[in-house]
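Just so we're on the same page: letters track the sequence lines, and every chain starts at 1. Heavy atoms only: backbone and side chains are in, while hydrogens, waters and symmetry mates are out.
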Amino acid sequence: MNGSGSGGFLGSFIEYFRSLFRAASALGRAIQTGLTYLFSTSEAKKEITELYPDPVSSRTPDELPTRSRGLLHNDILKCTGCYACSKVCPSDCFKIQTEEGPKPGKLWVSVFEINDAKCLFCGLCVEVCEPGSLVHTRNYEGSSETLEKLRAEFGRGPISREMREKWKRQRELQTEGGFEGQP
Amino acid sequence: MSAPERLSPIQWDLGPFHALLSGVYRLRLSLDGEVIERAEVETGFTTRGVEQILTRQSWRGAIPFLDRIDPDGAVFFEWAYCLAVEQLSALELPRRAHGIRVILGELSRISSHLLSLAKVAKAAGAESAFHLLIRERERVLDLLELLCGARHALGFLLPGGVREDVTEGFLERVQEVCQQILQRIKEYNDLVTYNEAFVRRLSGRGVITKEMVARHRMTGIPARVFDREQDLRWSSSRLGYFGLKPEALESIEAITFPGDVHHRFVIRLHEVSQSAQILQVLSQKLAAGPFLAKGSAQLIVPEGEAEAEVETARGRLAVRVGSQAGRPGPAEIQFSPPSRALFDAVPQYLVGAPLQDLSLLLQSIDLLATEVDR
Amino acid sequence: MSLSALWQQSLQLAATLLVMLPGVYLQAWLDSKLGADLQARVGPSRAGSAGWLQPMADFLRLWQKVRPGSKGEHGSALWWAQGAPLFALLAITPVGAGLPLLTAPMSVLMSLMMAISFAWIGIILSWRSGLVEARLASIRQMALGAAGIFPALLAILQVGFSAQGLSWQKVDQIQGWVPWSWFAFSSPFAFVSAMVFVAAGLLLFSSPPFHLGSEAVRWIVAGFPGEAGIRLIWVRFSQRIAHFCWTLLTVRLFFGGAALPSLLTSSADAGSAPVIALSIALTLLKALTILAGTSILSRTLPSVRADQAHEFSWRVLSPLALLALVLGRLISVGGAP
Amino acid sequence: MKQGWIQSSVSRLFGWAQAHSLRYFPIHMGCCSDELLQAVGCRYDLERFGVLPEVDPVFSDLLIVSGAITTRSAPELKKIYEQMPHPKFVMAIGSCACSGGAFGPEATGASTLAGLSGVVPVDIYVPGCPPRPEAILEGLLRLQDKIEGKKTASRKQGRKQGRIDRLETDEWDLR
């Protein structure tokens with residue numbers, strides 16, 4: 001031990017043992033905090049792991065906070081097909097097609113496809129959706145093995161000719177049948 | 001007798017994806033045996049051109065892109081942008097919105113500091129400290145999710161205020177979590193900060209001297225190690241931390257080399273408890289009133305240019321927003337992130353360090369590559 | 001070697017292997033669960049109940065690994081080179097009371113030499129891989145191995161002096177099965193040298209907390225990318241197996257080995273199966289407690305830098321071992337004529 | 001030809017072993033790396049599934065990629081993928097890695113790629129920006145089922161249930 005000169009040998013000898021003792025006591029304190037995790041069952045020291053697949057110990061989607069933004073869901077009956085969401089979306093993950101529907105004022109949304117793989121979950125579309133049909137569910141389980149499965153479709157499909165004739169016949173039935181009273 | 005002919009220095013390039021690096025950049029090292037002789041940094045691997053994309057967005061639509069530059073400190077990028085836009089459009093920000101922004105800022109500062117501390121502990125090999133610090137961070141992320149609905153890229157601020165009001169029960173939760181954090185800091189001091197083995201592992205390494213800070217104009221923790229006032233929160237009036245500055249907590253003792261890795265670790269842990277105290281004070285006296293300025297729905301931004309500065313967890317972030325008449329969004333936006341100075345300092349900072357400390361040194365200055373090459 | 005002796009020896013080798021592998025398995029499982037508990041989390045729990053099959057999954061995962069483009073360019077010679085000293089160490093490491101493989105009076109130093117040669121061969125071979133990281137890490141690791149050998153020698157000398165000889169028989173005689181009769185607790189100096197021996201093992205096989213960070217250890221093993229199947233498993237886990245054998249050595253030297261109560265060993269069925277099984281279980285239990293202690297230590301300590309490990313070994317371990325040796329001799333010579 | 005009983009049980013054993021002990025090499029190019037660290041942490045504990053981070057692609061079986069794949073980093077990513085020994089798997093986390101998300105080629109003018117599918121064969125896509133740790137765990141469970149060849153009926157396949165099939169005439173709203 002390179003003590004400073006002979007006089008210092010004793011000093012460095014004592015200093016050596018003091019640093020040894022300091023190291024040992026600090027090590028003891030660290031292990032003691034570690035061991036308290038091992039043996040104590042107090043709230044702070046218990047394992048806090050959420051065992052994910054089982055719903056009891058991990059948080060299922062509806063236990064998440066109310067504002068949590070998960071995968072999108074569109075209630076197609078309320079959706080008026082106004083394209084507001086697809087205009088405002090930063091990563092344009094909406095694919096919407098609308099057609100003339102049975103009722104004159106209301107559009108029939110035949111294709112409403114949200115590409116979850118491109119979605120940013122930023123909530124701009126939900127903010128701008130005026131009929132309030134587009135909402136964030138709190139569901140986060142959307143992983144899949146292929147990209148196609150990541151596209152969620154909410155559209156009502158194209159209108160076929162028979163459906164148009166049936167609606168026309170129903171409309172005539174309704175006009176002669178004297179229901180004119182309804183607006 | 002001529003000088004002994006030296007072994008030619010070993011050339012070693014650590015590619016963009018290497019476990020020792022703290023981000024996606026290339027590091028060209030020339031090693032003299034085990035010691036790093038010279039280092040060069042090459043960034044630009046994650047350049048996505050966010051600033052060009054922002055010029056095509058609306059004022060409100062730019063917010064999600066701002067979060068994705070630095071997801072952990074998403075609030076700071078939004079805050080700087082919103083301050084600049086509010087200055088341009090002369091929007092009068094209600095006090096409650098400002099209070100919520102300060103709360104969010106302190107929460108993401110705590111979460112960003114905890115993440116950096118956890119990464120330093122992991123690089124030094126202290127796995128238990130890593131897990132315990134990440135557990136603390138989970139509590140803070142729960143708070144952020146309770147308020148903004150997202151854990152990392154929050155998207156909660158918008159020019160003129162915040163998106164929604166504080167969820168009920170949020171402020172009490174904030175006080176409860178801050179109380180827990182303050183208790184836990186004491187335990188981490190025993191387990192990690194003043195644990196002799198940890199102190200020896202960290203101290204004396206990666207020293208950033210005062211003149212290095214001045215030369216590279218570093219901000220954030222490396223600068224606050226020398227002068228605790230180097231903080232925009234206390235000096236800038238627009239950030240509005242009036243009277244929230246806690247008096248200095250217990251003095252920092254047992255620092256062997258000022259400016260080394262251990263000193264930064266202690267100061268960062270210290271700032272976590274400082275932010276926790278600020279949150280406790282602020283969550284009690286949050287001003288009532290509206291959380292959104294009146295004219296923020298139909299935002300009319302006159303032509304012009306504005307600048308704003310915010311103190312993020314990594315340092316000082318400045319933004320310059322330019323707007324043109326008739327454009328629905330920012331015409332031109334320019335960031336200057338705090339990690340820019342750190343990247344410039346890396347070649348000088350790594351010289352003389354042994355190879356085993358490489359990942360520890362890189363983690364201790366909390367570099368973020370996605371912030372620099374946006 | 002008559003046929004029956006040969007048969008008996010191979011039986012004992014099989015029994016030793018049979019004992020040692022579950023020991024390593026248990027140690028791997030215990031290490032991950034204990035470490036997880038220290039970090040307020042659960043640890044492996046999906047492979048089998050409470051994750052007891054996790055080490056099995058880690059072993060078998062490597063069986064079918066094939067590195068793209070490498071047709072095993074390292075060849076099998078290297079694998080044997082790393083395996084040979086370990087087999088020798090197995091042959092010498094006495095596990096149970098009835099199981100010292102080589103009944104010849106074998107010196108304790110033979111086991112030490114086998115352990116050292118094992119630790120160093122792996123490192124030298126990884127130098128051939130040509131990877132910059134592997135070469136730098138192998139120099140560092142070899143120097144650390146040396147730092148572990150000297151204190152281990154001093155500790156063994158301490159045992160040798162008090163047992164008046166370095167053969168296993170002499171070492172066994174001085175230790176009974178009751179804890180206070182173990183050599184480690186016979187005097188404070190003996191306890192110090194026991195701890196030094198354990199720490200030297202950590203240094204020699206660079207197990208945590210001296211594992212210098214996972215990068216360095218990985219680069220050592222990087223020297224064997226060409227391996228696949230059983231050879232890859234062997235290369236990956238040989239260091240852990242060697243460290244387990246070192247702990248068996250520690251138990252035999254300092255903590256009473258497989259000594260059993262006299263009424264059992266002196267009775268007629270001394271060599272019968274239950275007695276041997278009991279002695280093996282006793283040895284394993286002691287080895288696992290020591291390894292549990294080191295794994296708790298490694299979880300609370302940061303990974304130690306190489307120069308710090310050197311400083312720890314040359315400025316703390318060796319002086320302490322020397323001090324314990326000298327003072328132990330002075331007192332015992334002075335005390336008992 | 002149909003595998004013999006022994007071969008199929010041996011391959012099932014190796015499938016089980018590979019599924020329950022994955023070493024992943026993380027590629028942190030974007031935001032989801034913070035969420036991956038949270039998943040490694042003690043609340044979601046990836047080690048419970050036998051999944052541990054690895055420092056070198058030579059020793060890892062799973063490549064977890066997060067963040068936008070830029071044209072400059074794609075060849076480096078390919079190099080990393082080629083160093084990994086077979087059998088190897090790739091998991092794309094976050095919308096940037098799945099499909100380019102907001103930073104796809106159409107937004108950044110071809111300086112990034114449309115997700116990972118062009119660069120390396122991907123086994124599992126985990127949507128989210130960034131996905132919650134539970135979503136990453138769910139992706140991992142699905143990957144483990146895929147490795148073992150098990151059907152994942154237990155977990156929902158994509159989100160087909162959102163689609164309301166075409167309504168016939170009873171939807172005619174007379175009011």
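Proximity to chain D (any heavy atom under 4.5 Å) is shown, for A:R69, by neither the backbone nor the side chain. Only the backbone of A:T146 comes within contact range of chain D, judged by heavy atoms closer than 4.5 Å. A:L51 touches chain D through backbone and side chain together, each having a heavy atom under 4.5 Å away.
Looking only at distances, a side-chain donor or acceptor of D:T70 sits under 3.5 Å from a matching main-chain atom of D:S73. Remark: the backbone N or O of A:V111 is not paired with any side-chain donor or acceptor of A:Q97 at under 3.5 angstrom. The backbone N or O of A:C119 lies less than 3.5 Å from no partner atom in the side chain of A:D116, so there is not a single donor-acceptor pair. A:W108 places no side-chain N or O within 3.5 Å of a backbone atom of A:P158 that could act as its donor or acceptor partner. Side-chain atoms of D:S99 come within 3.5 Å of backbone atoms of A:A117 as a donor-acceptor pair (strictly under, hydrogens ignored). A:R138 places a side-chain N or O within donor-acceptor distance of the main-chain N or O of A:L64, the cut-off being under 3.5 Å.
A salt bridge links D:K79 to D:E76: at least one charged side-chain nitrogen sits closer than 4.0 Å to a carboxylate oxygen. A salt bridge links D:R142 with D:E138: the distance from a Lys NZ or Arg NE/NH1/NH2 to an Asp or Glu carboxylate oxygen falls below 4.0 Å.
For residues 87-96 of chain A, a heavy-atom distance under 4.5 Å to chain D picks out A:S91, given by residue number. Among residues 30-43 of chain D, the residues having any heavy atom closer than 4.5 Å to a heavy atom of chain A are, in sequence order, D:C42, D:R43. Residues of residues 101-115 of chain D that come closer than 4.5 Å to chain A, counting heavy atoms only, are D:G101, D:A102, D:E106, ordered by residue number. Residues of residues 116-126 of chain D lying under 4.5 angstrom from chain A, judged on non-hydrogen atoms, are D:S117, D:D123, D:I124, D:Y125, D:V126 in numerical order.
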Exercise for review: Please report the C-alpha distance between D:I147 and D:L22 in whole Å, then the side-chain angles of each, then the deciding distance to 0.1 Å, and finally whether the side-chain contact (heavy atoms from CB on, under 4.5 Å) criterion is met.
Suggested key: CA-CA 11 Å; D:I147 295 172; D:L22 287 161; 4.0 Å; yes
Check your understanding: Passes side chain to side chain donor-acceptor pair (under 3.5 Å), D:S11 versus D:S8? Steps please.
Key -> CA-CA 5 Å; D:S11 70; D:S8 72; 5.7 Å; no
Review point. Do A:T137 and A:N139 pass the side chain to side chain donor-acceptor pair (under 3.5 Å) test, and can you show the C-alpha distance, the side-chain angles, and the key distance before you say yes or no?
Key: CA-CA 5 Å; A:T137 65; A:N139 173 17; 5.1 Å; no
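The candidate with the highest count of non-hydrogen atom pairs below 4.5 Å against chain A, out of D:G100, D:A97, D:P127, is D:P127.
Aromatic ring pairs are classed by plane angle as parallel below 30°, tilted from 30° to 60° and perpendicular above 60°; the pair A:Y16 and A:F13 is tilted. Note on ring orientation: taking the six-membered ring where Trp is involved, the planes of A:F112 and A:F154 are perpendicular (angle over 60°, cut-offs 30° and 60°).
A pairwise comparison of heavy atoms in A:P53 and D:R48 identifies CD-NH2, 3.9 Å as the closest pair. The shortest heavy-atom contact between A:L134 and A:C85 is CD2-CB, 4.0 Å. Residues A:H136 and A:G70 come closest through the heavy atom pair ND1-O, 2.8 Å.
Of the residues listed (A:K166, A:E172, A:R164), the one engaging A:K168 in a side-chain contact (heavy atoms from CB on, under 4.5 Å) is A:E172, and it is the only one.
A cation-pi geometry, defined here as NZ or CZ lying under 6.0 Å from the six-membered ring centre and within 45° of its normal, holds between D:R132 and A:Y140.
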